[in-house]
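What follows is a single structure, written as structure tokens, with notes after it.
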Amino acid sequence: MKLFNTLTRQKDEFVPMQQGQVKMYSCGPTVYNYFHIGNARPFIIFDLLRRYFEYRGYQVQFVQNFTDIDDKVINRANEEGVTFDVIAERYIKEYFVDADALGIHRATVHPRATETMDAIMDIVKRLLDKGHAYVAQNGDVYFRTKTFETYGKLSHQPMDELQAGARISVGEIKEDPMDFAVWKAAKPGEPFWEAPWGKGRPGWHIECSAMVNQYLGETIDIHSGGLDLIFPHHENEIAQSECANGCDFSHYWVHNGFLTIDNEKMSKSKGNFFMVREAAQAYGYETIRMFMLSAHYRSPLNYSEESLKMNKVSLERLYEARNNLEFRMEKAQDEPMTAEETEKYAALESYKQKFIDAMDDDLNTADALSAVFELVRDINGYSAAHIEASKAFLTKAHTLFMELAGVLGLVQAHEEDSIDAEIEALIAARQQAKTNKDFAEADRIRDVLLQEKGIAIKDTRQGVQWSRVNQ
RNA sequence: GGUACCAUAGCCAAGCGGUAAGGCGUGGGACUGCAACUCCCUGAUCCCCAGUUCGAUUCUGGGUGGUACCUCCA
């Protein structure tokens with residue numbers, strides 16, 4: 001499998017440290033609000049990467065953190081007049097509401113900064129001991145950037161250029177403008193932890209370094225996150241971890257591209273900033289997932305109503321394929337596959353290879369999706385032309401389709417597969433009306449079922465097929 | 001100013017040396033009592049100009065037009 005590695009700026013063949021195992025870490029949310037539609041992209045993409053590794057037989061240790069102590073969390077808490085942990089607790093819970101609905105599997109571990117304080121202090125201490133960090137007059141602890149020669153290797157920016165662009169704040173207490181905080185001295189009224197060098201709380205970058213250490217070790221295979229985190233966040237993580245541990249931090253760095261809204265950068269001032277659950281209300285969670293997979297993860301992706309509508313319809317085509325297959329399986333004769341079916345099935349499996357080839361090529365989901373659609377078209381065409389298709393064949397086709405859709409986390413919703421007696425009676429009454437050639441009555445009942453019961457009726461050669469219309 | 005990325009049909013979007021996947025939409029047709037679903041047919045001088053090459057959407061250079069990052073924003 002090939003992955004685009006920000007460190008080398010090219011697609012590198014993925015070689016894990018230990019055969020068959022992947023250690024990956026992904027930057028998770030700061031929990032001060034529901035997560036927005038832009039946050040959803042990395043969560044979905046890196047969940048997909050993790051799933052795909054698992055599909056290919058890797059054992060994956062996947063860690064995604066919660067930043068639960070931070071300026072934004074504190075501000076939010078102050079606004080509401082509660083302690084910061086109330087805010088964090090609430091939005092961690094809400095994160096899972098959205099993430100679960102998006103089909104994002106739980107990480108192996110979801111550590112929180114406040115629960116990793118020992119590891120954080122340990123790494124700060126080691127940086128201080130080695131002279132890679134220093135305590136400033138006000139009690140802040142800063143990383144001495146000059147002591148890390150390869151600083152800038154991830155963002156590929158030379159140090160002096162970075163300095164030229166750096167904003168130097170008034171009343172500078174740092175030795176060098178490029179130095180960054182690994183520990184922030186306690187301010188009045190803010191939560192703090194007791195450390196040997198003084199009271200305070202961890203800087204943002206240090207928590208990720210510490211969590212990687214604690215849960216995955218000194219070196220990991222893959223570190224992922226949004227494009228914007230490359231500098232300074234990931235650059236700083238590298239500096240801290242490599243200085244503290246004296247070895248490589250992560251072999252591969254994977255970054256997703258940004259999401260724009262109607263071709264504009266998402267921002268609060270433009271008012272184009274909204275939560276994933278708001279979008280889900282309009283189009284469904286799985287449509288959002290489909291949308292995220294419709295383009296390559298490193299490309300910029302534009303969110304628009306039109307785009308979401310298109311993806312919703314595309315997804316429905318996939319659901320239709322599954323429903324039709326299941327209906328046919330139920331009606332089919334329980335016979336073994338014919339020679340023709342065996343041959344056909346072998347042909348269908350070529351789409352699986354296309355799917356894998358696409359995913360192996362730096363997670364080309366658009367291409368993988370096209371393989372799924374081609375599979376669907378082929379299955380539909382064959383089963384339409386072969387009313388006598390065997391249950392065995394239909395079942396294998398169904399399994400293949402669900403396998404590929406499952407890797408992408410799509411077509412995962414299950415409708416209730418039973419209908420109440422009233423609906424059953426209406427369907428029967430419509431059939432009777434049709435037999436009597438009373439089409440007006442038959443259409444009336446079909447309309448009642450659709451409008452009032454949310455049941456769509458299809459007349460097929462195998463009988464009446466119904467499905468629930470999603471609201 | 002520094003560092004990158006992108007420009008493919010009405011829309012979304014793969015491909016990246018041998019004249020273009022897939023989805024949505026449009027217009028035909030088949031199936032249906034009608035419909036729905038499904039199937040078949042329907043669509044591209046690949047931003048412009050040079051260059052390299054037997055051959056370029058695909059490589060190089062130059063335009064033009066977008067976008068992102070450069071201290072806490074995924």
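Chain letters run A, B, ... following the sequence lines, proteins first and then strands; every chain starts at 1.
- Distances from the side chain of A:Phe439 to the nucleotides B:rA74, B:rC72, B:rG33 place B:rG33 closest.
- With sequence neighbours excluded, no residue forms a side-chain hydrogen bond (donor to acceptor under 3.5 Å, both in side chains) with A:Asn33.
- Against RNA chain B, the stretch residues 91-99 of chain A makes no heavy-atom approach under 4.0 Å.
- The 5' end of RNA chain B is approached more closely, in terms of each residue's nearest nucleotide, by A:Leu301 than by the other of A:Arg41 and A:Leu301.
- Where stacking is scored as ring centres under 5.5 Å apart with planes under 30°, A:Phe258 registers as stacked on the base of B:rA74.
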Which pairs, protein N/O on one side and nucleotides 23-32 of chain B N/O on the other, fall under 3.5 Å?
unit_1 : atom_1 : unit_2   : atom_2 : d
B:rG23 : O2'    : A:Ser314 : OG     : 2.0

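- Within the 4.5 Å cutoff, side-chain heavy atoms of A:Ile44 are placed close to those of A:Ile104.
- Nucleotide B:rG43 forms a pair with no other nucleotide shown, judged by Watson-Crick or G-U wobble geometry with both contacts under 3.5 Å.
- Rounded to the nearest Å, the gap between the P atom of B:rA30 and that of B:rA36 is 14 Å.
- The phosphate of B:rA4 has OP1 or OP2 within less than 4.0 Å of a side-chain N or O from A:Arg9.
- Of all nucleotides listed (B:rU71, B:rA74, B:rA14), B:rU71 comes nearest to the side chain of A:Lys174.
- Listed nucleotides: B:rA74, B:rC12, B:rG15. Nearest to the side chain of A:Ser294: B:rC12.
- Within the 4.5 Å cutoff, no side-chain heavy atoms of A:Glu79 are placed close to those of A:Ile87.
- The phosphate of B:rC73 has OP1 or OP2 within less than 4.0 Å of a side-chain N or O from A:Lys72.
- The side chain of A:Ala442 lies closest to B:rG33, out of B:rG15, B:rG33, B:rC73.
- Of the two residues contacting RNA chain B, namely A:Tyr297 and A:Ala181, the nearest-nucleotide position lying further toward the 5' end is that of A:Tyr297.
- Judged as a ring pair (Phe, Tyr, Trp, His ring centres under 6.0 Å), and not counting sequence neighbours, the contacts of A:His234 are A:His223, A:Trp253, A:His255.
- Listed by chain and number, the residues in a side-chain contact (heavy atoms from CB on, under 4.5 Å) with A:Thr287 are A:Tyr283, A:Leu308, A:Asn311, A:Lys312, A:Leu315 (sequence neighbours excluded).
- Pairing for B:rU67 goes to B:rA4, judged as Watson-Crick or G-U wobble with the two contacts each under 3.5 Å.
- Seen from the ring of A:Phe96, A:Arg106 counts as a face-on cation partner, given the 6.0 Å and 45° thresholds.
- Judged by distance alone, with hydrogens and angles left aside, A:Asp443 brings a side-chain donor or acceptor within reach of the base of B:rG33, the pair sitting under 3.5 Å.
- The phosphate of B:rC12 (OP1 or OP2) has no side-chain N or O of A:Asn302 nearer than 4.0 angstrom.
- Applying the 4.0 Å criterion to OP1 and OP2 of B:rA14, one finds that A:Ser299 has a side-chain N or O inside that range.
- Judged by Watson-Crick or G-U wobble contacts below 3.5 Å, the nucleotide B:rC24 has B:rG10 as its partner.
- Nucleotide B:rG51 forms a pair with B:rC59, judged by Watson-Crick or G-U wobble geometry with both contacts under 3.5 Å.
- The side chain of A:Arg430 approaches B:rC34 more closely than any other nucleotide in the set B:rC34, B:rC37, B:rC69.
- Between the side chain of A:Arg446 and the base of B:rA35, at least one donor-acceptor pair of N or O atoms lies under 3.5 Å.
- Atoms CG and CZ, from A:Leu293 and A:Arg41 in turn, are 10.0 Å apart once rounded to the nearest 0.5 Å.
- The pairing partner recorded for B:rC34 is none, the criterion being a Watson-Crick or G-U wobble arrangement whose two distances lie under 3.5 angstrom.
- Between the side chains of A:Glu235 and A:Ser155, at least one donor-acceptor pair of N or O atoms lies under 3.5 Å.
- When each of A:Tyr34, A:Phe43, A:Tyr32 is checked for a ring pair (Phe, Tyr, Trp, His ring centres under 6.0 Å) with A:Tyr95, only A:Phe43 meets the rule.
- At least one side-chain nitrogen or oxygen of A:Asn380 sits closer than 4.0 Å to the OP1 or OP2 atom of B:rC39.
- Looking at A:Asp70, A:Asp71, A:Ile69 one by one, the single match for side chain to side chain contact (heavy atoms under 4.5 Å, CB included) with A:Lys184 turns out to be A:Asp71.
- Closest contact between the side chain of A:Asp228 and the listed nucleotides B:rC12, B:rA74, B:rC72 involves B:rA74.
- In this structure, the side-chain contact (heavy atoms from CB on, under 4.5 Å) partners of A:Arg446, at least two apart in sequence or on a different chain, are A:Arg430, A:Asp443, A:Ile457.
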